Amino acid sequence: MTTDTLAATALPVLCCTPVLTERLTSEETASLAAAFAALSDPTRLLLLNLVANADGGQACACDLVEPTGRSQPTVSHHLKVLVEAGLLTREQRGKWAWFAPNTERLDALRQALTPG
């Protein structure tokens, strides 16, 4: 046996820490699943990242088309999904929609993944 093999077998086996310390209700699981499903699309994840990192913490839909490389209707669809999942908020300002991250919702997702 090599030294590396011996060291690897001598390490203690750690038990997994539960992700959530309290049992979720069926409503909570459905809500969390919908939010995580919305984030499972690369374009939506990019859009959330772009909005969260925009100057002032909000971005105009008009500024999100070029960085994604998607058409305006496609970007609008993905933004709608993010709003419906509660991950972004939307404010209409004249002709344009402005989006901001819903920090409370994002904190809830983060908390769901943080070991208790």
Side-chain angles (χ1 to χ4, degrees):
M1 223 181 249
T2 67
T3 307
D4 290 333
T5 306
L6 261 176
T9 58
L11 294 175
V13 176
L14 300 176
C15 181
C16 298
T17 305
V19 176
L20 295 171
T21 57
E22 296 178 16
R23 183 173 288 220
L24 294 171
T25 66
S26 60
E27 290 173 355
E28 290 169 327
T29 57
S31 177
L32 285 170
F36 285 120
L39 290 174
S40 69
D41 182 276
T43 300
R44 289 193 287 266
L45 192 55
L46 174 59
L47 284 167
L48 179 63
N49 179 262
L50 290 169
V51 171
N53 289 296
D55 290 337
Q58 47 184 256
C60 177
C62 60
D63 295 326
L64 298 172
V65 173
E66 185 181 333
T68 62
R70 303 286 189 249
S71 68
Q72 183 276 324
T74 298
V75 170
S76 291
H77 165 74
H78 287 301
L79 289 168
K80 180 182 176 185
V81 171
L82 290 168
V83 169
E84 289 174 349
L87 300 169
L88 292 179
T89 61
R90 181 184 187 276
E91 178 186 343
Q92 192 70 34
R93 296 184 195 164
K95 179 181 175 182
W96 296 108
W98 286 75
F99 297 87
N102 181 345
T103 54
E104 288 180 16
R105 181 73 165 141
L106 294 171
D107 286 342
L109 294 181
R110 188 177 301 112
Q111 184 179 8
L113 295 175
T114 303

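Please read all numbers here as calculations on a predicted model, not as lab measurements.
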How close do [X] and [Y] get, heavy atom to heavy atom, and via which atoms?
X   : Y    : answer
A61 : L79  : CB-CD1, 4.1 Å
V51 : A100 : CG1-CA, 3.7 Å
A59 : L64  : CB-CD2, 4.1 Å
L50 : P67  : CD1-CB, 3.8 Å
L87 : L48  : O-CD1, 4.0 Å

Got a second to check how far E27's CD is from L32's CG, nearest 0.5 Å?
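Interatomic distance, E27 CD to L32 CG, rounded to 0.5 Å: 12.0 Å.
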Just how far is it from atom CZ of R44 to atom NZ of K80, taken to the nearest 0.5 Å?
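Interatomic distance, R44 CZ to K80 NZ, rounded to 0.5 Å: 12.0 Å.
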Hydrophobic clusters here meaning ILVMFWY residues chained together by side-chain heavy-atom distances under 4.5 Å, can you tell me if V81 and L46 are in one?
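Different clusters: V81 never reaches L46 through Ile, Leu, Val, Met, Phe, Trp or Tyr contacts under 4.5 Å.
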Scan side-chain atoms only and decide if S31 and R105 contain a donor-acceptor pair under the 3.5 Å cut-off.
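Per modelled atom types, S31 and R105 side chains form a pair under 3.5 Å.
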Taking everything shown except D55 itself, do over 12 heavy atoms lie less than 6.0 Å from its CG?
no
Residues in salt bridge (Lys or Arg N to Asp or Glu O under 4.0 Å) with E66, at least two apart?
none
Residues in side-chain contact (heavy atoms from CB on, under 4.5 Å) contact with [X], at least two apart in sequence or another chain:
X   : value
S40 : none
T43 : D41, L47, R70, H78
A52 : P101

Please confirm whether the backbone N or O of T74 pairs with a side-chain atom of Q72, one donor and one acceptor, at under 3.5 Å?
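Side chain of Q72 to backbone of T74: no pair is present.
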Which hydrophobic side chains are connected to W96, either touching it within the sub-4.5 Å cutoff or through other members that do?
W98
What residues, two or more places apart in sequence or in another chain, satisfy side-chain hydrogen bond (donor to acceptor under 3.5 Å, both in side chains) together with R110?
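Listed in chain order: D107.
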